[in-house]
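Following: one structure in structure tokens, then a few remarks.
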Amino acid sequence: DTGLELHDVGYRYPNSDSAVFERLNFNIAPGEFVALVGGSGVGKSTVLRCVAGLIQPSSGRMQAPANTAKGTRPSAVVFQDTRLLPWRRLRANVGYGLAGLGLSKSERDARIDEVLALIGMKAFGERWPHEISGGQAQRVGLARALAVRPHILLMDEPFSAVDALTRSRLQDELLAIWKRLNMAVLFVTHDIAEAAYLADRVCVMGGSPARIVFDERVPVEHPRA
Ligand code: ADP
Ligand code: ADP
């Protein structure tokens, strides 16, 4: 696993005259927690979509983690709006990404139990998405991503829509889980305090077309150390 490397990556939406970003360079080592920060509209989600393979960069070169083992994916995404399917129970939502990975029914069930336990929601598998709180829905979104054992977990403003107390709890839960799993994290946020609290390294995007204007290890000691 070589981690993630972006070399001079650019992206322009097909319906747009100008590039969102150009000559973007940064990398994430295996197991590293990197926050990508920047103002609204600067292109953070677009970077994340490129890394996730949902869109192809218009220029440059990107090396993403390779898919090694059966039953895994190179990356998985957690969205701000969770994107849980309302007509499926939580277990089915968590197992959604496991289809097509070559796992048996019992292996999939075991995987679902494992990640529900990891996020502290073992007892909630038979509930429907409308029967849980916003914070719990974010935990389930995280569980769905973790179920495919990604090399790199991609998170797009995952805690921006929850109240401050719940957000603070979710941040600490995420750090505890990250420390237990051998997984890199790319965490997109507009909140610099959140980035500095969570990440080993903070990258800031700015300009138009955007570039990485700041890329440094978090310089302060903080509680998780
Ligand atoms: P951020 O995540 O930093 O808020 P985005 O990556 O969502 O920024 O958007 C970056 C720029 O690309 C914005 O100017 C946005 O309007 C534009 N954009 C985003 N999605 C699309 C799309 N599907 N088609 C055209 N332009 C888009
Ligand atoms: P939070 O403070 O995390 O936002 P809520 O006040 O929304 O929590 O919910 C508190 C508890 O009530 C949670 O354990 C949640 O599972 C449960 N709950 C929330 N909404 C519903 C619902 N629509 N049906 C059943 N239980 C619910």
Side-chain angles (χ1 to χ4, degrees), residues 3-28 32-65 73-85 97 134-135 137-138 141-142 144-146 150-164 166-167 170-171 174 178 183-218:
L4 172 76
E5 295 177 10
L6 277 76
H7 301 281
D8 288 336
V9 169
Y11 188 81
R12 183 177 62 81
Y13 281 100
N15 57 354
S16 167
D17 296 333
S18 54
V20 178
F21 47 81
E22 267 175 1
R23 281 171 288 148
L24 209 66
N25 290 287
F26 73 99
N27 51 64
I28 302 179
E32 193 178 23
F33 196 132
V34 173
L36 183 61
V37 190
S40 182
V42 79
K44 305 181 297 296
S45 297
T46 305
V47 171
L48 189 131
R49 277 181 222 135
C50 283
V51 173
L54 300 173
I55 55 177
Q56 298 301 314
S58 320
S59 58
R61 196 160 54 82
M62 193 178 69
Q63 185 173 323
R73 287 192 194 280
S75 65
V77 190
V78 179
F79 299 97
Q80 177 179 330
D81 60 1
T82 73
R83 306 198 185 175
L84 298 180
L85 302 173
Q138 271 309 335
L142 175 60
R144 181 184 51 193
L146 295 176
H151 287 281
I152 180 162
L153 178 67
L154 307 171
M155 307 188 81
D156 195 350
E157 303 264 5
F159 307 147
S160 299
V162 297
D163 66 273
T166 303
R167 181 182 317 134
L170 290 171
Q171 288 170 344
L174 173 63
W178 168 68
M183 165 183 81
V185 180
L186 176 60
F187 190 101
V188 164
T189 178
H190 60 264
D191 181 343
I192 290 181
E194 178 172 53
Y197 179 67
L198 289 173
D200 292 326
R201 232 176 75 225
V202 174
C203 296
V204 181
M205 282 178 83
S208 181
R211 307 279 292 271
I212 300 289
V213 296
F214 176 95
D215 179 350
E216 296 204 7
R217 296 193 65 78
V218 173

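For ligands, and for the atoms within them, numbers begin at 1 and follow the listed sequence.
Within the structure, side-chain hydrogen bond (donor to acceptor under 3.5 Å, both in side chains) contacts touching residues 48-60 (residues at least two apart or in different chains) are Tyr13-Arg49.
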Could you pull out every donor-acceptor pair under 3.5 Å between side chains of residues 17-26 and any protein atom, sequence neighbours left out?
from: Asn25; atom 1: OD1; to: Asp8; atom 2: N; distance (Å): 2.8
from: Asn25; atom 1: ND2; to: Asp8; atom 2: OD1; distance (Å): 3.0
from: Asn25; atom 1: ND2; to: Arg23; atom 2: O; distance (Å): 3.4

Donor-acceptor contacts under 3.5 Å from residues 201-210 side chains, at least two apart:
from: Arg201; atom 1: NE; to: Asp215; atom 2: OD1; distance (Å): 2.8
from: Arg201; atom 1: NH1; to: Asn27; atom 2: O; distance (Å): 3.0
from: Arg201; atom 1: NH1; to: Glu32; atom 2: OE1; distance (Å): 3.0
from: Arg201; atom 1: NH1; to: Glu32; atom 2: OE2; distance (Å): 3.2
from: Arg201; atom 1: NH2; to: Asn27; atom 2: O; distance (Å): 3.0
from: Arg201; atom 1: NH2; to: Asp215; atom 2: OD1; distance (Å): 3.4
from: Arg201; atom 1: NH2; to: Asp215; atom 2: OD2; distance (Å): 3.3

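Note: Arg61 CZ to Leu6 CG = 10.0 Å, rounded to the nearest 0.5 Å.
A distance limit of 4.0 angstrom between heavy atoms and ligand 1 selects the residues Tyr13, Asn15, Val20, Gly39, Ser40, Gly41, Val42, Gly43, Lys44, Ser45, Thr46, Arg49.
The two residues Thr166 and Gly135 come nearest to each other via the heavy atoms CG2-CA, 3.7 Å.
Partner Met155 forms a side chain to side chain contact (heavy atoms under 4.5 Å, CB included) with one of Val77, Val188, Leu142, Leu36 and no other, that one being Leu142.
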